[in-house]
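Computation of the quantities below employed the complete heavy-atom set of this structure, encompassing side-chain atoms and omitting hydrogens, waters and symmetry-equivalent molecules.
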Amino acid sequence: MQTEDRLIRTEYSEIMQKSYIDYAMSVIVARALPDVRDGLKPVQRRTLYDMYELGIRYDRPYRKCARIVGDTMGKYHPHGDSSIYEALVVMAQEFKRGLPLVDGHGNFGSIEGDGAAAMRYTEARLEKITQEAYLADLDKDIVNFVPNFDETEKEPEVLPVKVPNILVNGAEGIAVGMATSIPPHNFGEVIDGVIAYIKHPDINTAQMMEYIKGPDFPTGGIVTNQDDLLNIYATGTGKIKIRGKVDIENGKNGKDRLVITEIPYTMIGANIGKFLNDVFALVETKKTSDIVDISNQSSKEGIRIVLELRRGADVENLCNLLYKKTKLEDTFGVNMLSVADGKPETMGLVPMIRHHVEFQYELATRKYSNLLAKEQDKKEIQEGLIRACDVIDLIIEILRGSKNIKEAKNCLVHGDTGNIRFRSPQSEKLAAKLDFTERQATAILEMRLYRLIGLEIEALLKDHEQTLKKIAQYEDILSNPDSMKKVIIKELRAFKKEYARPRRTRIDNLAEAVYVEKQIEEKDVVVLIDRFGYARTMDVALYERNKEAADSESKEVFLCKNTDKICIFTNKGQLHMLKVLDLPYGKFRDKGQPMDNVSNYDSNRENCVFLAPLGHLAGKKLLFGTASAMVKQVSGSEFDVSKRTTAATKLADGDEVIFIKMLSAQPEQETVVMQSQKGMFLRIEASSIPEKKKMAIGVRGMRLADDDRLTHMYLLSAEAELEEAEYEPAQVVLNRLRIGSRDTKGVKR
């Protein structure tokens with residue numbers, strides 16, 4: 001019988017909304033955010049548990065990471081192997097974690113951003129602290145186990161972590177619509193904070209910060225905004241400012257050097273290379289002339305970046321420049337978001353510790369309840385064996401007189417003597433009074449004869465005495481909150497004693513870095529640009545002595561201030577700004593610098609149509625002309641912009657700028673000649689061209705045929721000498737052309 005298909009009619013947007021919410025919650029809870037209890041993301045938890053299951057202990061040989069990754073992926077983590085290996089690598093990197101959880105063997109990357117070797121080359125095992133504080137007591141049923149992705153294995157819902165890992169190692173992750181960023185802290189300080197909370201649950205954030213001073217980054221550095229930390233730890237969000245540590249070393253000939261020995265946590269990885277490039281750029285752009293050399297002498301022993309300084313360098317001002325313009329001072333964004341009670345929650349310092357302590361009480365309760373049950377079972381059996389030793393002859397008589405184990409066990413438990421043959425009625429009466437428990441009877445029946453030796457009986461009595469002590473101890477811990485607190489605190493202090501280390505990051509209030517840029521003495525210079533686009537500047541007096549040679553070898557020569565900018569207008573309608581200070585200044589025969597190297601101008605993609613100092617454009621007007629004969633006047637003040645590149649004009653599709661010239665103070669005495677590809681010429685008065693904004697297309701200067709374009713434009717003054725057009729085969733004298741009207745066809749030559 002064929003069943004009919006069920007059609008569910010619903011709004012498509014509702015299905016999409018529900019599906020996206022389900023996906024988002026899956027990413028938030030099951031992938032990207034750590035659990036507040038153990039401070040681990042699922043991939044980290046599964047990797048550590050798999051290593052525990054594989055028996056890769058700290059005191060055993062290393063195992064291939066490929067084996068760990070493959071086993072984790074096959075059993076617990078149904079995602080890519082790269083995510084598992086990356087999590088494994090990060091847990092082994094001392095420069096990323098305050099307390100590494102994995103002991104890596106091989107190339108696990110470097111602080112400078114070098115990646116780890118492939119998983120088939122590296123090996124790993126658990127760290128001792130991981131085994132003792134993260135995975136211990138898993139066999140005591142103190143956490144819930146849940147089915148894995150295909151329900152063929154069981155995995156812990158959370159690891160029984162006994163230290164606040166979420167604060168010690170921090171966390172970072174990007175979920176859907178939210179992200180977490182928790183800085184690492186000092187292990188010893190965090191333990192002290194937890195103990196303080198256990199003793200005084202009503203402790204506030206300010207009091208807690210007497211123990212936990214602030215973040216403690218593996219890379220050291222200096223936190224410069226100590227006063228902001230209270231609000232950050234109270235709300236769980238904020239920004240921490242970190243600086244690298246800079247030492248000053250005295251070099252030879254009075255030349256000092258800056259040595260960076262600690263870097264901000266945010267600089268690890270590729271940002272170290274970026275910092276070196278940024279320092280190099282400061283020198284190249286002449287932001288500073290105090291640095292003569294930079295070298296990265298970092299090694300496995302630690303960070304050492306050396307900046308060689310010139311004699312008489314202003315060290316303090318240079319340090320402030322590095323803080324302002326490079327990653328030597330950076331911001332760490334704090335967002336203490338984690339999964340608590342199955343949902344994401346942003347918490348301050350005290351709530352996070354409260355969740356951890358509550359988890360410790362839960363772990364301790366389950367642990368000691370299970371231990372108590374085991375000891376009580378042991379006590380029951382021990383009491384049965386001790387009683388059995390006192391009546392061992394009777395028990396032997398019962399065993400010899402029984403036909404099977406069942407009869408003997410019934411006699412030991414219920415005193416049933418019906419089917420047992422006794423040597424005497426007295427023995428039968430004594431046997432009828434026996435009332436061992438089921439467990440005791442089983443233990444008696446399985447007892448070996450050597451246990452009847454005197455020393456063995458003494459050992460049994462001692463074990464029973466120890467069992468009674470443990471039962472009393474466990475019952476006291478479970479019934480007396482103060483006793484449980486003492487047990488937890490004792491364990492925490494033991495961890496602190498063995499694994500605490502001195503603080504690396506200094507917490508302070510430092511003034512914001514203020515860089516005072518040195519004032520440049522303004523003076524006149526001559527700019528020389530050759531036909532290859534190489535530009536340089538020189539002193540005016542030097543130019544005057546070499547004027548003839550300079551003019552003959554240069555395509556452009558003009559006088560301007562050294563603080564001025566050079567405007568490069570291109571055929572693509574772009575304006576590129578070039579600082580005169582960026583050009584080499586020196587002797588007459590010194591080589592220039594390509595304009596492409598010191599500006600955004602690219603000579604391979606665009607052509608320079610007009611070039612002039614920005615100072616020369618003040619109070620002047622520029623005449624623009626394009627290939628489609630669009631013309632306009634633009635005020636030079638519109639090009640006084642701070643951007644290195646901006647649009648100089650608006651162009652229609654397929655159009656380009658072919659002409660830009662500066663009009664004189666009396667444009668009514670000037671004329672403009674337009675020349676087309678097909679030999680059409682039109683001469684009009686410059687004053688007939690209207691003034692427009694720079695982003696206007698302009699007006700039509702000459703009416704062109706459909707397949708014609710302007711190739712040249714000329715600006716003529718009234719007193720100009722006769723000028724001929726670049727036109728073959730006919731000779732056209734521009735000054736003799738009749739003046740016509742704008743937007744006409746012109747004349748054929």
Side-chain angles (χ1 to χ4, degrees), residues 39 94-99 111 163-172 180-197 200 203-248 258-268 271 302-303 316 319-320 322-324 326-336 346-353 356 496 499-514:
E94 293 184 352
F95 52 85
K96 281 192 178 177
R97 289 288 172 262
L99 189 70
I111 195 172
V163 295
N165 178 65
I166 198 165
L167 291 174
V168 172
N169 274 328
E172 53 191 27
T180 184
S181 179
I182 304 172
H185 296 79
N186 183 269
F187 184 80
E189 290 182 3
V190 172
I191 296 296
D192 289 340
V194 173
I195 293 172
Y197 179 86
H200 307 286
I203 191 171
N204 59 34
T205 305
Q207 293 168 333
M208 180 62 73
M209 288 186 66
E210 294 179 10
Y211 303 95
I212 304 174
K213 309 295 183 184
D216 186 24
F217 298 104
T219 55
I222 306 167
V223 171
T224 64
N225 58 333
Q226 184 178 13
D227 288 345
D228 297 337
L229 294 181
L230 179 59
N231 183 59
I232 292 172
Y233 282 129
T235 61
T237 59
K239 292 182 179 179
I240 296 174
K241 294 181 181 178
I242 343 166
R243 279 185 191 174
K245 182 182 178 185
V246 182
D247 296 325
I248 302 170
L258 292 183
V259 181
I260 300 166
T261 55
E262 295 177 8
I263 59 174
Y265 186 62
T266 53
M267 197 195 283
I268 57 177
N271 281 330
I303 292 291
E316 184 179 352
C319 286
N320 287 336
L322 296 176
Y323 293 144
K324 296 290 283 186
T326 72
K327 289 275 186 180
L328 192 59
E329 179 175 287
D330 205 2
T331 300
F332 182 92
V334 176
N335 187 25
M336 298 171 71
T346 300
M347 289 174 279
L349 184 61
V350 174
M352 274 195 166
I353 291 177
H356 171 75
K496 179 186 174 183
Y499 300 108
R501 54 160 180 76
R503 165 173 279 280
R504 297 175 185 173
T505 302
R506 181 161 65 93
I507 309 293
D508 206 345
N509 278 314
L510 300 179
E512 186 175 350
V514 177

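Gly244 approaches Tyr323 most closely through the heavy-atom pair O-OH, 4.1 Å. Thr219 and Ile263 get closest at one heavy-atom pair: OG1-O, 3.1 Å. In terms of heavy-atom proximity, Tyr265 sits nearest to Ile242 at N-CD1, 4.1 Å. Between Pro218 and Pro184, the shortest heavy-atom contact is CD-CG, 3.8 Å. Of all heavy-atom pairs between Val194 and Pro164, the closest is CG2-CG, 3.6 Å. Nearest heavy-atom pair, Arg243 versus Ala511, reported as atom, atom and distance to 0.1 Å: NH2-O, 2.8 Å.
With respect to the salt-bridge test (charged N to carboxylate O, under 4.0 angstrom), the residues Arg501 and Asp216 qualify.
In this structure, CD1 in Ile195 is found 6.5 Å from NZ in Lys496, a value given to the nearest 0.5 Å. Distance CD1/Ile232 to CD1/Ile240: 5.0 Å, rounded to 0.5 Å. With values rounded to the nearest 0.5 angstrom, Glu189 atom CD is found 12.0 Å from Met208 atom CE. The distance from the CG atom of Asn169 to the CZ atom of Arg97 is 5.5 Å, given to the nearest 0.5 Å. Expressed to the nearest 0.5 Å, how far CD1 of Ile507 lies from CE of Met209 amounts to 8.0 Å. For the atom pair Ile212 CD1 and Ile191 CD1, the distance stands at 9.5 Å (nearest 0.5 Å).
Using a 4.5 Å heavy-atom threshold, the side chains of Tyr211 and Ile203 count as touching. Within the 4.5 Å cutoff, the side chain of Leu258 has heavy atoms near those of the Leu322 side chain. Taking the side chain as every heavy atom from C-beta outward, Leu328 and Met267 approach each other to under 4.5 Å.
A donor-acceptor pair under 3.5 Å links the side-chain atoms of Thr505 to the main chain of Phe217, judged by distance alone. With Asn204 contributing its side chain and Ala206 its backbone, the two residues share a donor-acceptor pair below 3.5 Å.
Atom CD of Glu316 is surrounded by 12 or fewer heavy atoms from other residues, nucleotides or ligands within 6.0 Å.
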request  = Show the numbers, then the answer: is there a side chain to side chain contact (heavy atoms under 4.5 Å, CB included) between Lys96 and Ile268?
outcome  = CA-CA 8 Å; Lys96 281 192 178 177; Ile268 57 177; 3.7 Å; yes
task = Apply side chain to side chain contact (heavy atoms under 4.5 Å, CB included) to the pair Tyr233 and Met336, showing each step before the final yes or no.
result = CA-CA 9 Å; Tyr233 282 129; Met336 298 171 71; 4.2 Å; yes
Residue pair Ile260, Val246: steps toward the side chain to side chain contact (heavy atoms under 4.5 Å, CB included) verdict = CA-CA 5 Å; Ile260 300 166; Val246 182; 4.1 Å; yes
query = Are Asn165 and Leu99 close enough, and set up right, to give a side chain to side chain contact (heavy atoms under 4.5 Å, CB included), and what steps lead you there?
reply = CA-CA 9 Å; Asn165 178 65; Leu99 189 70; 5.7 Å; no
Atom pairs and distances, donor-acceptor, side-chain atoms in residues 220-230, under 3.5 Å, two or more places apart:
unit_1, atom_1, unit_2, atom_2, d
Asn225, OD1, Lys241, N, 3.1
Asn225, ND2, Asp228, OD2, 3.1
Asn225, ND2, Lys239, O, 3.0
Asp227, OD1, Asn509, ND2, 2.8
Asp227, OD2, Asn509, ND2, 3.4

